[in-house]
Amino acid sequence: MSNKVRVRFAPSPTGGLHLGGVRTVLYNYLFAKQHGGDFILRIEDTDQNRYVPGAEEYIVNCLQWCGLEPDESPQKGGPYAPYRQSERKHMYYEYAQKLVDSGHAYYAFDTTDELEKMRTTLQSATNTNPQYDYSTRMHMRNSIALSKEEVVELLEKGTPYVIRIKMPQIKELKFTDMIRGEISFDTALVDDKVLLKADGMPTYHLAVVVDDYLMKITHAFRGEEWLPSAPVHLLLWEYLGWKEQMPRWAHLPLILKPDGHGKLSKRDGDRLGFPVFAMNWTDPRTNETVHGFRERGFLPEAFINMLAMLGWNAGTEQEIFSLDELVQQFSIERVHKGGAKFDFEKAKWFNHQYIQRMDSAELVTLVKPYITDKGITTTDEYLAQVVGLIKDRCTLLPDFWEQGHFFFHTPDSIDVAAIKEKWADNKAQFFTQWIDVLKNLSDWNHTSIEQSFNEQLQQNGLKKGDIMLPLRIMLVGGKYGPGVFTIAEMIGKDETSKRINNALNII
RNA sequence: GGCGCGUUGGUCAAUCGGCUAAGACGCCUCCCUUUCACGGAGGAAUGACGGGUUCGACUCCCGUACGUGCUACCA
């Protein structure tokens with residue numbers, strides 16, 4: 001099976017894994033699995049200056065949390081190892097050299113200062129960004145502009161150089177994007193991109209083509225921001241003589257900021273109060289933390305489902321999809337072309353849906369840490385009951401504590417003001433008397449408790465509506481929670497009496 | 001500035017020339033609930049603009065506008 005589908009996610013290990021990155025992974029994964037193909041994780045660490053320790057491990061952990069595990073990766077290995085470009089460094093020079101030999105690339109000896117100078121002197125109102133291209137390359141220090149002797153001399157002296165692609169002046173390039181259809185470029189407007197840096201490392205442009213070729217990648221999905229450099233890659237596939245093996249491309253739409261405009265960035269999260277990364281990421285250099293969906297209390301399945309729907313839909317009314325269903329139904333052709341503004345409210349809605357549908361035992365294990373973190377000890381059975389009672393009103397995992405803490409401990413404070421608003425002596429009397437009655441209540445369940453409550457009400461000549469709310473606040477602390485008599489049943493007779501007493505003392 | 005890509009309600013979006021333009025989130029109203037939610041029933045809200053093509057254009061074409069991306073020895 002030489003035409004087996006092979007896709008790759010190729011992040012650079014420079015920081016946390018962004019929402020959009022996860023979506024790119026997801027679409028890669030879905031496509032691969034749908035075609036019985038392989039999903040490869042390749043680390044693009046060709047920029048040594050931007051290397052951040054821990055970033056690669058973090059990415060691997062994110063994929064694991066999301067349930068999108070690669071078939072081949074630096075950790076797992078595979079037939080095309082190594083999967084880190086820094087470890088493949090020695091492979092790239094040969095191809096760069098081949099391009100120089102065939103006249104499609106050249107040595108450039110320009111220093112940073114010289115490049116800077118060229119740009120500033122040529123800069124004008126009509127040309128804000130002068131490029132290193134056909135119009136300027138003859139004025140620079142490179143193996144095209146210089147004589148053969150000069151080049152040899154520079155090379156022999158060990159002058160640092162880069163290898164740049166020689167973009168043809170007049171050539172229209174076309175390719176068919178799986179999402180956008182035919183796209184064309186004029187090569188005269190593309191600059192002579194650096195292929196091999198002075199440190200011997202390839203740039204993304206060379207590395208992506210060489211590795212996609214060597215790793216037999218059949219389909220390449222990446223963010224829309226890569227579209228403008230597609231002509232460079234197209235030409236490289238052609239110049240290297242691999243045109244027939246070039247993967248089919250799909251450029252995914254961007255995920256935009258919910259307010260204003262532009263790509264969603266990690267800074268937007270804190271600003272607007274939602275996570276942007278899959279998991280918490282702390283930059284080891286700045287100690288700055290960017291928050292993740294996992295820590296915010298999202299279920300990975302919901303997170304994935306939400307991302308799948310951000311830019312793709314099945315064309316039906318179905319919105320909730322398991323990973324398997326996504327694998328079955330996903331199609332790259334149905335991916336939307338335009339960027340999508342991220343909507344955190346909708347993201348929360350997905351999580352709520354998943355919490356409601358989740359198996360009780362599974363939910364208990366997920367919720368438990370949030371309870372034990374508060375110093376509470378409980379049993380799975382009790383927790384399961386609580387979870388069953390409150391999950392309707394829980395959207396994110398931490399909500400279980402917010403909505404159900406009173407099942408586990410006496411509330412630290414109660415909404416006294418809400419009780420006092422309509423408080424009266426006869427109400428205090430009611431509660432004092434009712435506690436006494438409760439002492440002798442033999443059968444402690446919500447029905448018997450409510451019955452006794454009703455009877456006491458009659459004796460005191462009070463209306464149920466006048467007492468229900470105070471009772472709730474005494475037991476719960478505020479105006480929320482499931483049925484108040486069920487709560488009384490759950491926390492037990494002693495605790496119920498105790499909470500009523502406590503409340504009476506502070507009113 | 002140049003080039004690429006995009007443009008259906010506030011947001012995600014269906015529609016592949018027949019539209020009285022789905023659905024979801026959010027919002028509003030009502031019902032249910034002697035709390036808060038869940039749930040149920042309603043409601044407000046959409047084709048950027050201008051030209052073509054066509055019996056017919058949200059759908060095709062061309063302009064314009066707007067948005068967005070790129071324009072590094074970063075990916």
Side-chain angles (χ1 to χ4, degrees), chain A residues 10-14 44-47 49-50 85 108 110-112 115-116 119 123-133 160-164 177 179-180 183-186 188-191 193-205 207-208 222-231 251 253-254 256 258-259 261-263 306 309-320 334 336-350 352 356 390-395 399 403 418 463-473 476 478-484 487:
Chain A
S12 65
T14 52
E44 309 232 341
D45 55 351
T46 53
D47 187 355
N49 301 319
R50 294 214 307 160
Q85 289 181 331
D110 316 276
T111 63
T112 319
L115 289 171
E116 179 77 11
R119 293 197 178 105
Q123 205 168 55
S124 69
T126 53
N127 186 9
T128 57
N129 274 296
Q131 302 197 116
Y132 201 120
D133 59 15
Y161 66 89
V162 301
I163 292 178
R164 308 184 86 112
D177 186 277
I179 295 172
R180 290 151 207 280
I183 296 174
S184 59
F185 304 89
D186 178 356
L189 301 164
V190 182
D191 63 341
K193 286 262 180 297
V194 170
L195 300 179
L196 201 78
K197 299 185 263 190
D199 64 2
M201 275 289 194
T203 59
Y204 171 81
H205 306 293
V208 74
R222 71 221 305 195
E224 187 187 330
E225 67 268 29
W226 288 110
L227 216 35
S229 55
H251 289 87
L254 268 10
L256 279 8
D259 64 345
H261 306 289
K263 275 201 287 192
M306 178 274 291
M309 302 307 287
L310 204 59
W312 174 86
N313 71 84
T316 64
E317 289 190 5
Q318 184 177 357
E319 284 195 281
I320 303 295
R334 287 198 65 86
H336 219 247
K337 294 183 185 74
K341 287 185 187 163
F342 176 65
D343 181 4
F344 189 52
E345 291 305 318
K346 187 78 188 239
K348 286 196 291 193
W349 176 81
F350 276 104
H352 184 257
Q356 304 321 310
I390 63 171
K391 70 173 181 180
D392 277 355
R393 53 208 90 199
C394 293
T395 297
D399 293 345
Q403 293 294 328
K463 279 186 287 180
K464 202 171 182 179
D466 296 334
I467 301 297
M468 285 292 276
L469 193 65
L471 174 60
R472 166 173 299 280
I473 294 172
V476 170
K479 300 184 219 176
Y480 60 93
V484 72
I487 295 170

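Every heavy atom of this structure was used, including side-chain atoms; hydrogens, water molecules and symmetry mates were not. Here the structure is a predicted model, which means the values were calculated and not measured. The chains referred to below are lettered A, B, ... by the order of the sequence lines, with proteins before strands, and numbering in each begins at 1.
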Notebook entry, point to check: For B:rC36, does either OP1 or OP2 sit under 4.0 Å from a side-chain N or O belonging to A:Lys479?
Noted result: no
Item checked: Short side-chain N/O contact from A:Arg164 to OP1 or OP2 of B:rC73, under 4.0 Å -> yes
Note to self: Between A:Asp110 and A:Glu224, which residue's closest nucleotide on RNA chain B lies nearer the 5′ terminus?
What the structure shows: A:Glu224
Item checked: Residue closer to the 5' end of RNA chain B, A:Glu225 versus A:Asp199 (nearest nucleotide) -> A:Glu225
Margin query: Apply the syn/anti split at 90° from 0 to B:rC38 and say which one it is.
Written below: syn
Check: Does A:Lys346 come within less than 4.0 Å of A:Asp343, counting only side-chain N to carboxylate O?
Finding: no
Margin query: Under 4.0 Å from OP1 or OP2 of B:rG6: is there any side-chain N or O of A:His251 that close?
Written below: no
Next item on the list: Compare side-chain N and O positions of A:Asn313 against OP1 and OP2 of B:rA14 and report whether any pair is under 4.0 Å apart.
Entry: yes
Check: Can A:Arg119 and A:Glu116 be counted as an ion pair, charged N to O under 4.0 angstrom?
Finding: no
Note to self: Quick one, A:Lys479 and A:Leu469 - any side-chain contact, counting heavy atoms below 4.5 Å?
What the structure shows: yes
Checklist line | Gap between atoms CH2 and P, on A:Trp349 and B:rA13 respectively (whole Å) | finding: 14 Å
Note to self: Any side-chain N or O of A:Lys263 below 4.0 angstrom from OP1/OP2 of B:rC70?
What the structure shows: yes
Check: Can you tell me how far C1' in B:rU64 sits from the matching atom in B:rU7, rounded to whole Å?
Finding: 13 Å
